[in-house]
Amino acid sequence: MSNPSLQAVRGMNDILPDEAQLWLWFEDTVREWLDSYGYRNIRMPLVEPTALFKRAIGEVTDIVEKEMYSFEDSLNGDHLTLRPEGTASCVRAVLQHNLLYNAPQRLYYSGPMFRHERPQKGRYRQFHQIGVEAMGFASPDIDAEQILMCARLWRKLGLTDVTLQINTLGDAAARKQHREKLIAYFAQYEDLLDEDATRRLHSNPLRILDSKNPQMQELIAAAPKLMDELHEDAILHFEAVKSVLKQHGVAYEINPRLVRGLDYYNRTVFEWVTTSLGAQGTICAGGRYDGLIEQIGGKPSAACGFAMGVERLLSLLQAEPKVVLASPLDVYLVHQGELADAMAGVLAEQLRDAGLRVVLHCGDGGFKSQMKKADASGAQFAVIVGDDEAQTGQATLKPLRGEGEQARIAQIELAQMINKQINRAFQRG
RNA sequence: GUGGUCGUAGCUCAGCUGGUAGAGCCCUGGAUUGUGAUUCCAGUUGUCGUGGGUUCGAGCCCCAUCGAUCACCCCA
């Protein structure tokens, strides 16, 4: 590090070309998958009014209380925040432009999110999510569709160590009632609570149920159950989601303690979890947020969505060496000699006109070192133009992968010949 | 935000109870001055994360700081 003071901000990473190749492949795969379900792309700004997140995510959540990159615009005093998640922005955009005026919307977005957390594997201050939102849909078929489409993506990506957990949070009224009962219950046994539980009692009592402290288990087991507060229609909704999952053979585990850390969720919540990423095992999570649209100022409208953590998914992918990325290059053009040098640039353009991906050797270097670079480039072929070829309008075509001899070919036939051989290699698989 | 471990060449790492640094890979050149991936030969590469302190002397010990990593917390 030549200048240690000019480093990337902590928790914000450079994605270098070798890794970016995997990102591109992943993004292509995801786009195809979203297309196949009719979800359409939407792009929102990275910066939003701070009030948006306070209202959507909840004032007393960890995200809003201590993880947001918030600042005052020094030019006009606006209170702004780098988005910590995408749903709030997406809802804001949909309302601002009246997209729900006469049709529900299936939308997706992707990009960086920002949370000021202590970085560790699978948790960064700038991280990337792919968010999928269905707005204006009230019935349980859309919840099920979103879970099913996740399952398809995992198959497409070749991921195996991923399991589904689901739960229902009921409606806002039921949640509120449950929360109050929970606080009353735990408050009754205040002297039995450990430090964590005491701290959470009024801030996030649901989280007490997650405690791993063995001494708390008895108390937790007897705590009021959310299920007892649920209205019949919420139960039916959940049953409907489960029955579609069964119909499609998607295995799930009901986790009554599955609680999303954002206030806007209600009814169905789900989480896809892996055991191979240590503590950051959640690679995808979401659920229904029927109240949010109204809360942000729209007409009441039901919705359901989820988000995937791109970094987490990619580190899962890297753990399984199944992904073989195609060579990004067809031709490395080697040339030497005054006439050949002048000719090579023209030839490279001709090859590109024919749809080939070509790197023209630039700078010095003998044939030997140019050939080394050709090999290292990953190109399928080296095209060599020296004085001999230049004088006869020819070029030498040399396959760099697999079998095949080099041959001299007229330059005008070169592109066609290469395309033919690439197609043949492709057909062989 | 709390705690544990760790920072040595571009990468992966070695470096003994303190005596001013090494290997492999990579890269460059050569082994018939027009041919890569194998082999052989030669060569380059470092403010030992940063800043202080202890010492005759610090990569090694102490403090601080930055960063990485693991866990807690939280979450994608």
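Lettering follows sequence order; numbering is per chain, from 1. Every value quoted in this text rests on a predicted model; they were computed, and no experiment measured them. What you see below is based on every heavy atom in this structure, not just the backbone, and it leaves out hydrogens, waters and symmetry mates.
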Going by atom types only, do A/Glu133 and A/Thr87 share a side-chain donor-acceptor pair under 3.5 Å?
-> yes
Would you classify A/Ser369 as touching base, sugar-phosphate or nothing, given that sugar-phosphate means primed atoms plus P, OP1 and OP2, and contacts are heavy atoms under 4.0 Å?
-> sugar-phosphate
Per A/Arg401 side chain, nearest of listed nucleotides B/U35, B/C75, B/G36 | B/G36
Rounded to whole angstrom units, what separation is found between the CZ atom of A/Phe367 and the P atom of B/U33?
-> 14 Å
Considering only the P atoms, how many Å lie between B/A58 and B/G49, rounded to the nearest integer?
-> 15 Å
Quick one: the side chain of A/Gln406 and the base of B/U35, do they pair up donor-acceptor inside 3.5 Å?
-> yes
Whole angstrom is fine here: how far is it from CG in A/Leu313 over to P in B/A76?
-> 13 Å
Which value, in whole Å, describes the distance between the P atoms of nucleotides B/A21 and B/U45?
-> 14 Å
Testing B/C72, B/A76, B/G34 for proximity to the side chain of A/Glu389, the answer is B/G34
Under 3.5 Å side-chain donor-acceptor pair for A/Glu271 and A/Thr282 = yes
Which is true for A/Gln336 with a 4.0 Å heavy-atom rule: it touches a base, it touches only sugar-phosphate, or it touches nothing?
-> nothing
So what does A/Gly11 touch, heavy atoms closer than 4.0 Å: a base, only the sugar-phosphate, or nothing?
-> sugar-phosphate
Considering only NZ, NE, NH1 and NH2 on the basic side and carboxylate oxygens on the acidic side, decide whether A/Arg118 and A/Glu67 come within less than 4.0 Å.
-> no
A/Lys176 NZ: over 12 foreign heavy atoms closer than 6.0 Å = no
Mapping A/Gly281 and A/Pro399 onto RNA chain B by nearest heavy atom, which one lands closer to the 5' end?
-> A/Pro399
May I ask you to evaluate whether A/Lys121 reaches the phosphate of B/C70, defined as a side-chain N or O under 4.0 Å from OP1 or OP2?
-> yes
Return the value, rounded to whole Å, for the distance between atom CD of A/Glu67 and atom P of B/C74.
-> 10 Å
Could you pull out all residues at least two apart from A/Lys54 that satisfy side-chain contact (heavy atoms from CB on, under 4.5 Å)?
-> A/Thr50, A/Glu59, A/Val64
Under 4.0 Å between a Lys/Arg side-chain N and an Asp/Glu carboxylate O for A/Arg31 and A/Asp28?
-> yes
Would you indicate, yes or no, if B/G36 has its OP1 or OP2 atom less than 4.0 angstrom from a side-chain nitrogen or oxygen of A/Lys368?
-> yes
Atom CG of A/Asp14 and atom P of B/A68 are separated, to the nearest Å, by 11 Å
Take the protein atom CD of A/Gln7 and the nucleotide atom P of B/G49, then report the distance between them rounded to whole Å.
-> 13 Å
Atom pair distance, as rounded to whole Å: CD in A/Glu19 and C1' in B/C11 = 15 Å
Let me know the distance between CD of A/Gln370 and P of B/U33, rounded to the nearest Å.
-> 17 Å
If you measure from the C1' atom in B/G51 to the same atom in B/G67, how many Å do you get, rounded?
-> 15 Å
Using the P atom in both, what is the distance from B/U65 to B/C13, to the nearest Å?
-> 27 Å
Polar side chain donor-acceptor pair, A/Gln120 to A/Gln280, under 3.5 angstrom | yes
Nucleotide by nucleotide, 5' to 3', does protein get under 4.0 Å of the base (B), only the sugar-phosphate (S), or neither (-) in nucleotides 1-6 of chain B, counting heavy atoms?
-> BBB---
When you compare B/C48 with B/U39, how far apart are their P atoms, in angstrom units rounded to a whole number?
-> 34 Å
Any A/Lys372 side-chain N or O less than 4.0 Å from OP1/OP2 of B/U38 | no
Taking for each residue the nucleotide of RNA chain B with the nearest heavy atom, is it A/Gly366 or A/Gly122 whose nucleotide lies nearer the 5' end?
-> A/Gly366
Measure the distance from CD on A/Glu65 to P on B/C75 and round it to the nearest whole Å.
-> 11 Å
Inter-nucleotide C1' distance (B/C74, B/G1), Å rounded | 11 Å
When rounded to the nearest Å, what value does the distance between P atoms of B/A9 and B/G22 take?
-> 14 Å
Using the C1' atom on both, measure B/G4 against B/G43 and round to a whole Å.
-> 44 Å
Would you mind classifying the nucleic acid contact of A/Ala374 as base, sugar-phosphate or nothing, using non-hydrogen atoms under 4.0 angstrom?
-> nothing
Is the closest side-chain donor-acceptor distance between A/Arg152 and A/Tyr37 under 3.5 Å?
-> yes
Should A/Arg175 and A/Glu229 count as an ion pair when the cut-off is N to O under 4.0 Å?
-> no
